[in-house]
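Right, one structure below, let's go through it.
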There are 2 protein chains.
Amino acid sequence: MMELTRKGEYAIRGIVYLAGKPIDKVCLLSDIAAAVDVPPTFLAKIFQQFSKIGLVKSFRGTGGGFLLGRAAENITLLEVVEAVEGPIIPNRCVVTPSDCERSDFCNVHPVWKRVQGEVRSVLEGVNLKELASKERSDINN
Amino acid sequence: MMELTRKGEYAIRGIVYLAGKPIDKVCLLSDIAAAVDVPPTFLAKIFQQFSKIGLVKSFRGTGGGFLLGRAAENITLLEVVEAVEGPIIPNRCVVTPSDCERSDFCNVHPVWKRVQGEVRSVLEGVNLKELASKERSDINN
DNA sequence: CCCCAAAAAGACTATTTATATCTTTTTAGG
DNA sequence: CCTAAAAAGATATAAATAGTCTTTTTGGGG
């Protein structure tokens, strides 16, 4: 359970690739897609979503392509994931405080809240600069 | 993302209900289903899974029904969730160490490992006795 | 031995979500 | 105005989710 979709995986690959390029290097979608091994048409959809919320900047026409919207160290993994997958919701009951009519008496509700907090916290603690660096920031595995 | 399915939600409701009953009280599936508001046929499938791995004991025929397989305090929420949803896998790449051919150079791999660890840890820290108690073990929300 | 109660097992269905692809439109440069 | 490239929208396929229905097995009681 709790599995990231392909879309999420592809989104991360694509934007991490961008983060590894010089800040002013405009990248073609087709090049990015080829480099990170994702279907170009699919990646296009993903980058459109990124573009709408400013995670990347896009330029159309000749010489067009994509740039990172902000400095890589100011974009967290959480933002990237939530941009394409939506909010981190381990269970419906945590969507809004009042949403779940069982939450008054249900002891598992606070557990899901805690799960949500932990996951968000881990993902928020990682930025694209770290992810794009050649150095392994962590022990493998 | 990372959402528990209905099946998982129903599974928890059902087994927490059992955990709230006297240890030797054999409960009818139909009663459990009605009490926790889940489709009886669906809950039947879920309890069959529980039964196979010993989370609950089942008795057939007249006077049959279900009991908790072990003391409620010895069953963690993690076991219950994994029983019906499978292992906690935030991304395919964490399934097996060698499974992901990107894991050599991919910095996000260890992040997913950390997410997995945190989620498992939270769920493992909660048992059915706590979940079934009338006292709120935690602040609401 | 027969009947009834209840869970187990298996087949089947419908809906939704995931995973794309294809076509057309817009924008920009040369 | 021609070409390059992204944006937008429509469509297609496959898989997972969320169930239902039917038949079988098991066990108790008369």
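Each chain gets a letter, A, B and so on, in the order the sequences are listed, and its residues count up from 1. The basis for the numbers below is simple: all heavy atoms, side chains too, and nothing from hydrogens, waters or symmetry mates.
Look at CZ on B:Arg6: it is 12 Å from P on D:dT20, rounded to the nearest Å. When rounded to the nearest whole Å, the span between CD of A:Glu3 and C1' of C:dT17 equals 14 Å. Here D:dT26 presents its P atom at 14 Å from CD of B:Gln48, a figure rounded to the nearest Å. For the pair A:Tyr10 OH and C:dT21 C1', the computed distance is 13 Å after rounding to whole Å. Rounded to a whole Å, the CZ atom of A:Arg92 is 12 Å from the P atom of C:dT16. Going from atom CZ of B:Phe47 over to atom P of C:dA8 covers 10 Å, rounded to whole Å. In this structure, CE of A:Met2 is placed 18 Å from P of D:dA16, rounded to the nearest angstrom. Here C:dT15 presents its C1' atom at 13 Å from CZ of B:Phe42, a figure rounded to the nearest Å.
Within the 4.0 angstrom heavy-atom criterion, no nucleotide atom of any strand lies near A:Ser30. At the heavy-atom level, A:Thr41 lies under 4.0 Å from base atoms of the strands shown. Among the protein residues, B:Lys57 comes within range of no part of the nucleic acid, since none of its heavy atoms lies under 4.0 Å from any strand. Here A:Phe59 lies in heavy-atom contact (under 4.0 Å) with sugar-phosphate atoms only.
Nearer to the 5' terminus of DNA chain D, by closest-nucleotide assignment, is the contact made by A:Thr62 (compared with the other of B:Thr62 and A:Thr62). Mapping B:Lys45 and B:Leu29 onto DNA chain C by nearest heavy atom places B:Leu29 at the nucleotide closer to the 5' end.
The minimum heavy-atom distance linking B:Arg70 with B:Leu55 is given by the pair NH1-CD2, 4.1 Å.
Contact annotation: B:Ser58 side-chain N/O to C:dA6 OP1/OP2 distance is not under 4.0 Å. The side chain of A:Ser51 contributes an N or O atom lying less than 4.0 Å from OP1 or OP2 of D:dA7. At least one side-chain nitrogen or oxygen of B:Thr5 sits closer than 4.0 Å to the OP1 or OP2 atom of D:dA18.
A:Phe47 CZ to A:Ile15 CD1: the interatomic distance, rounded to the nearest 0.5 Å, is 6.0 Å.
Considering only side-chain atoms of A:Phe66, the nucleotide from D:dA6, C:dT21, C:dA8 that sits closest is D:dA6. Among the nucleotides C:dA20, D:dA6, D:dA8, the one closest to the side chain of A:Pro39 is C:dA20.
Taking hydrophobic clusters as Ile, Leu, Val, Met, Phe, Trp and Tyr residues chained together by side-chain heavy-atom distances below 4.5 Å, A:Ile53 does not share a cluster with A:Leu67.
A donor-acceptor contact closer than 3.5 angstrom is absent between the side chains of B:Asn107 and A:Glu130. In this structure, a donor-acceptor pair under 3.5 Å is absent between the side chains of B:Glu3 and A:Asn91.
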